[in-house]
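Structure, as structure tokens:
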Number of protein chains: 2
Amino acid sequence: MNVKFKCNCPFTSALDIVGEKWLLVIVKQMLIEGKETFKEFTEADEAIATNILTAKLKFLEETGIIFKTQRPDNKKTNLYLLTEKGLALTPVLVELAFWGDKNLRDIHPIIVNGEAMEFLRNDKMAFANEIEKKYKEKLTTINYLH
Amino acid sequence: MNVKFKCNCPFTSALDIVGEKWLLVIVKQMLIEGKETFKEFTEADEAIATNILTAKLKFLEETGIIFKTQRPDNKKTNLYLLTEKGLALTPVLVELAFWGDKNLRDIHPIIVNGEAMEFLRNDKMAFANEIEKKYKEKLTTINYLH
DNA sequence: TTTTTTACTTGTGTTTCGCAAGCAAAATTA
DNA sequence: TAATTTTGCTTGCGAAACACAAGTAAAAAA
């Protein structure tokens with residue numbers, strides 16, 4: 001692995017891991033958009049170059065935020081899923097979206113603003129819990145090698 | 001300004017601004033460590049190269065997260081202070097620290113673990129409110145040009 | 001008036017990133 | 001089963017961001 005912690009500050013240490021470009025975007029795509037495979041990540045709105053994607057998925061796996069597995073009937077396509085450690089980032093993402101919703105509309109007016117955003121605005125914690133719950137349910141539902 | 005939003009996703013849009021390297025570190029130094037001047041930032045544990053610091057402070061000012069001012073008795077030294085928009089990032093930082101505290105100690109055991117961390121662990125929202133309150137009090141106390 | 005401090009710039013490598021192309025192995029199809 | 005497609009990943013190359021050292025002008029301090 002290749003993690004260098006700048007210091008012993010809890011804030012900065014978290015940023016040393018999760019502040020790297022693309023990492024939280026990938027976690028969001030897994031958590032919010034249900035993306036699971038290499039191909040799905042490359043097809044995202046926020047397109048990541050494949051070489052970067054490879055490196056970032058490797059890093060996320062090494063740090064225990066995601067794990068790599070497969071469907072029993074497909075030995076080619078890898079499945080990337082969030083660990084508990086990764087799921088625990090949900091509140092961070094929720095706070096980011098909450099902040100963006102309240103503070104970014106002046107310079108970026110077309111941020112999506114649907115029912116989900118309304119739910120998030122009204123009760124951040126309930127929203128985070130709901131998302132985590134759904135992801136955990138999905139993990140019990142889908143068929144993959146443990 | 002030089003902001004390019006990847007898409008209209010609230011999560012990604014926040015990251016387009018605040019996911020840039022060093023930005024949240026600088027905000028943390030202002031919020032948690034009370035740093036205000038260019039020199040104080042360069043003296044931090046997490047040392048930023050001066051040219052990068054210049055660029056990042058400029059970006060933070062342009063996006064309205066901080067504002068630049070001066071003390072009335074010192075026309076040389078700039079004062080960098082958080083706006084409401086910047087202060088609103090407190091919950092994001094708190095969630096980051098909370099996550100790091102719970103999930104990073106296995107690979108980085110010496111993350112500081114004092115009273116403040118205990119407070120944060122026990123009640124994230126109270127901790128965030130306390131920090132924001134203190135910063136606002138400070139703004140009313142210190143003498144600077146409005 | 002000289003010296004120091006402060007905010008910032010410049011210059012030079014180095015690293016990271018973005019884009020296009022390509023590749024091997026597995027899966028699909030014909 | 002032979003040919004084609006899909007998938008995960010690598011390579012090469014130019015561009016951008018970053019780190020480090022040095023320097024500068026203006027204000028402040030001595």
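It should be emphasised that the depicted structure is a prediction, and the values quoted were computed from it without experimental measurement. Naming: A, B, ... by sequence-line order, numbering from 1 per chain. All heavy atoms count here, side chains included; hydrogens, waters and symmetry mates do not.
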Under 3.5 Å donor-acceptor pair, B:Thr50 side-chain atoms to C:dT9 base atoms: yes
Side-chain N,O (A:Lys6) to OP1/OP2 (D:dA19) below 4.0 Å: no
Donor-acceptor pair under 3.5 Å, A:Lys76 side chain vs C:dA25 base: yes
Distance below 4.0 Å between A:Lys75 side-chain N/O and C:dA26 OP1 or OP2: no
Whole-Å gap separating P (C:dA26) and CG (A:Asp73): 15 Å
Check ion pair A:Lys58-A:Glu62 (N to O, under 4.0 angstrom): no
From D:dA19, C:dC8, D:dG8, nucleotide with atom closest to B:Trp22 side chain: D:dA19
Atom pair distance, as rounded to whole Å: NZ in B:Lys58 and P in C:dA7: 14 Å
Whole angstrom value for the distance that separates C1' of D:dT6 from CZ of A:Phe41: 17 Å
Rounded interatomic separation in angstrom, taking CG from B:Leu79 and P from D:dA28: 14 Å
Residue-phosphate contact under 4.0 Å: B:Lys21 side-chain N/O, C:dT15 OP1/OP2: no
B:Leu53 CG - D:dA21 C1' separation (whole Å): 16 Å
Proximal nucleotide (of C:dA7, C:dC17, D:dG8) relative to the B:Thr37 side chain: C:dA7
Interatomic distance, B:Glu36 CD vs C:dA7 P [rounded to whole Å]: 11 Å
B:Thr77 versus B:Asn74, side-chain donor and acceptor atoms under 3.5 Å: yes
Pair B:Glu20 + B:Lys56, salt bridge at N-O below 4.0 Å: yes
Among D:dG8, C:dA27, C:dC8, the one nearest A:Asn74 by side-chain distance: C:dA27
Whole-Å gap separating P (D:dT10) and CD1 (A:Ile52): 12 Å
N/O (side chain, B:Lys56) to phosphate O (OP1/OP2, D:dC18) under 4.0 Å: yes
Closest-nucleotide ordering on DNA chain C, the 5'-leading residue of B:Thr54 and B:Lys39: B:Lys39
Plane angle bin for A:Phe11 and B:Phe127 - parallel if under 30°, tilted between 30 and 60°, otherwise perpendicular: parallel
Pairs under 3.5 angstrom only: tabulate donor-acceptor contacts from the side chains of residues 90-97 of chain B to other protein residues two or more places apart or in another chain.
unit_1  : atom_1 : unit_2   : atom_2 : d
B:Thr90 : OG1    : B:Leu87  : O      : 2.5
B:Glu95 : OE1    : B:Lys124 : NZ     : 3.1
B:Glu95 : OE2    : B:Lys124 : NZ     : 3.2

Short side-chain N/O contact to C:dC8 OP1/OP2 from B:Tyr80, under 4.0 Å: yes
Which nucleotide in C:dA7, D:dC20, C:dA26 has an atom nearest any side-chain atom of B:Asn51: D:dC20
Protein-nucleotide distance (B:Asn78, atom CG; C:dC8, atom C1'), rounded to Å: 10 Å
